[in-house]
Structures are given as structure tokens and as C-alpha cells.
Amino acid sequence: MKKILEVVKFFLFLSLAIVLLFFAFKDMAFSALWESLKNANYLWVLPSLVFAFLAYISRAIRWKMLIEPLGYQISSKKTFYALMIGYTANFAFPRIGEITRCATLTKTDKIPMDKLIGTVILERICDFIVLIFLLVFLFLFKINFFGKFLNEHIFLPFKDKFSSIFNISTLKLLLICLVFIIFLICLYFLRNKFKSNKLFIKGFEFFKGILTGLITIIHMKKLGGFLFHTVVIWVMYFFMTYTIFFALSSTSNLAPIDGLFILVVGGLGMSAPVQGGIGAYHLIVSLGLTLYGITDGLVFATLAHSTQSLFAILLGTISMIAVFLINKKNKTVSSQTLP
């Protein structure tokens, strides 16, 4: 039954990606898209991939810094391998990459999965804060130019989404609070019974491990290094996006601030619950480029997304092979040390 649900989820997310792709490409002639891609200057793709690679390295080092306070010494090479395997897994299932990269390190270095998940959640919180900061900066920097787009396509959709979630009657809210209070009371009186329950113990230990991973930043000795690599990651992301502008004549005259704008809206597209941001990235980036009167923004979105995705999958494949060899070596060493 579990496998059937996983298959259903996979095709559900895939269908969403296809729908988004349809809306993105419905007014685009594929012959014109192919012609534009053929005429692109791919020499500019190479530095974009270099900047992406540097961002991945910084992200791997930053993750290592979060793991060290847990009491585990691990190489940046292994966190890099796990990170890239996770990115590759995201093309199969949205957000499964976060679990996959944790599972990879658990396999190679016996680090508890729950604690690793806590560090990944902390990473994502930090990156979300940076993204929100950049979003607000863009909104205030050119409020007349970016303001309308951000308000219509970013702020209002989020506002409507949260309004629909929290738009409940007072009676329903009181009932929810009452049920929650009753649940806490029952939990208190039955606490001794739960203490002997193996499932409860495992669940408690799992969430305790996540909390341990979340608070690693408090015990971090290299907080300055963590902040430095956070800045490096986003600076590299910016150059990764901006250099692709020069590969196409329609975007080659855009300014650095425009590159930052596309980075931010593209980042929001990549966070959509679809495999590898497929469709969502194309749709929002092409919409963003219409601000500059660029009607073939899908060419840029397709070039940027496809080259970065293929590069990530390539690095992920190499990382899988490397981790396989590491695990094989560990098994060999373990078998030789057995009496």
C-alpha cells in the first residue's frame, strides 16, 4: 500500500510540473525556441556552471560546520557527495533530496538521521531568511518597477494562501483549541503508560534528535565561517544566473540588479512542490522577464534550468559512484577487522 501511495504522489507532482510547463509554453512556438537555443552563446554557460560548482562546495562546507557541533568529524568531500545525491533525488520526488542526503551520511559515517535532518532544516531556515531579505530589498529598491510584479505574483498569492488557511470562524477556532487541550490532558494522565511504549519512545527520541540538530548553530565555534559561506553561496547563485544573460541577445543588456531579481523569483520557482522546479521555474522566470519587454523569456528559463539541472545530475551521478566505492571500502575494512 505504501509503494502505491508513493507512485501516486510521484505522478501527482509530475502532473503538476507538466501543467505548469503547459502554461509556460502554451504561447511559445517550439521551432522558435529551438532556433533561439541553437543560436545561444554557450561559452557563457561554462562560467555559470563554475559559479554553481563553487556554490555547491560552499554549501557542503557550511553543512559540515553544522554537523561538527554534534560531535562528528566528517570531510567536506562526503558532505558534497551527499548534497549532490540529494539534488539529484529531487528530480524524482520534490524535497526528498533533503532526506536522501541525510540518509547518505548516515550510511557512510553512521551519523544519526534525525540529527542530520535538524541541521538541514536549520540550513533551509537560513536560506529562506536570505531569500526574504533579497525579496524585500528588491521591492524597496525599485518599488515602481518590481513592486507591481512582486505584489501580484508573490505577495498576494502568499497572502491569499495564508488567509484561506487561517480564515476560520471563532467557533471552529475554539473547538480546535478545546480538542488540543483535551489531547494534552489525556497525554499527561497517560504519560506513564506511554513511557513504556516503544513507538512513543522512538518518536520522542527522533524529534529530540531533530531538535539537537536544529540548535547546533548555538554551539557552533565557527559562526563567522557559517555566515561567510552563506554569503558566498548566494553571491555565487547571483553570478550563476547573471552570466547566462550574456548567452542570449534578448537578455544580454540587462543590469546586475535584474540578475538579482531573476535569481529571487527563480528561487521561489525552484521551491515549488514539483520535481526539480520543472515548470514552476520556467513560468515565473518568463513572467518576470516580461517586465523588460522580453517576450521570449522561456528561452532564458529553459537554457538556465536545463544546463544547471544536467550539471547537478552529472555531479550527483559521480557522487553516487564515489559513495558506492566508499561504502564498499568500509565493508572490506570491517570484514578484515572481524576476528
Side-chain angles (χ1 to χ4, degrees), residues 13 17 20-21 24-25 33-34 36-38 40-60 62 80-98 100-101 123-124 127 130-131 134 232-248 250-252 254 256 258-289 294 296-320:
F13 290 128
L20 291 171
L21 277 174
F25 285 90
L33 173 66
W34 178 246
S36 298
L37 289 173
K38 280 200 303 181
N41 186 353
Y42 285 90
L43 289 175
W44 286 104
V45 172
L46 183 59
S48 176
L49 298 181
V50 171
F51 290 129
F53 184 66
L54 293 174
Y56 297 150
I57 291 174
S58 261
R59 189 172 279 281
R62 189 182 69 168
F80 177 81
Y81 291 154
L83 180 72
M84 298 317 302
I85 290 171
Y87 279 149
T88 304
N90 278 332
F91 287 94
F93 261 116
R95 303 274 73 86
I96 200 172
E98 317 301 359
T100 305
R101 64 161 154 153
E123 259 199 318
R124 289 305 178 194
D127 288 330
V130 174
L131 191 62
L134 293 175
V232 169
I233 289 165
W234 284 92
V235 169
M236 291 302 105
Y237 281 168
F238 163 74
F239 284 113
M240 176 187 82
T241 304
Y242 186 57
T243 49
I244 293 289
F245 279 172
F246 301 103
L248 300 167
S250 59
T251 55
S252 60
L254 295 180
D258 305 318
L260 184 62
F261 170 67
I262 295 301
L263 167 63
V264 171
V265 296
L268 293 169
M270 290 299 291
S271 64
V274 290
Q275 287 90 331
I278 297 171
Y281 178 88
H282 298 76
L283 185 61
I284 196 166
V285 167
S286 58
L287 279 173
L289 287 171
I294 298 172
D296 59 348
L298 271 173
V299 178
F300 171 84
T302 303
L303 179 63
H305 187 272
S306 58
T307 52
Q308 292 298 333
S309 297
L310 290 172
F311 184 56
I313 292 170
L314 173 64
L315 291 176
T317 304
I318 294 170
S319 298
M320 287 179 197

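From R101, atom CZ reaches atom CD1 of I85 across 12.0 Å, with rounding to the nearest 0.5 Å.
Closest approach of Y281 and A301 over heavy atoms only: CE2-O, 3.6 Å. The minimum heavy-atom distance linking S319 with M84 is given by the pair OG-CB, 3.5 Å. Here the shortest heavy-atom pairing between G297 and S286 reads C-CB, 4.0 Å. The two atoms that bring A89 and G97 nearest to each other are CB-CA, 4.1 Å, heavy atoms only. Between A40 and L248, the shortest heavy-atom contact is CB-CD2, 3.7 Å. In terms of heavy atoms, L298 sits closest to T302 at O-OG1, 2.6 Å.
Side-chain contact check for L303 versus F300: every heavy-atom pair is 4.5 Å or farther apart. Residues D127 and R62 have side chains in contact (heavy-atom distance under 4.5 Å, counting atoms from C-beta outward). With contacts defined as side-chain heavy-atom distances shorter than 4.5 Å, the pair P47/M240 does not qualify. Residues Y87 and F311 are not in side-chain contact: their nearest non-hydrogen atoms beyond the backbone lie 4.5 Å or more apart.
Aromatic rings of Y242 and F51 (six-membered ring for Trp) have centroids beyond the 6.0 Å cut-off, not under it.
Using cut-offs of 30° and 60° for the angle between ring planes, the F80 and F53 rings count as perpendicular. In this structure, W234 and Y237 have perpendicular ring planes: the angle between them is above 60°, well past the 30° mark.
Although no hydrogens or angles enter the test, the distance criterion places no donor-acceptor pair under 3.5 Å between the side chain of S58 and the main chain of A55. Judged by distance alone, the side chain of T251 and the main-chain N or O of F245 form a donor-acceptor pair under 3.5 Å.
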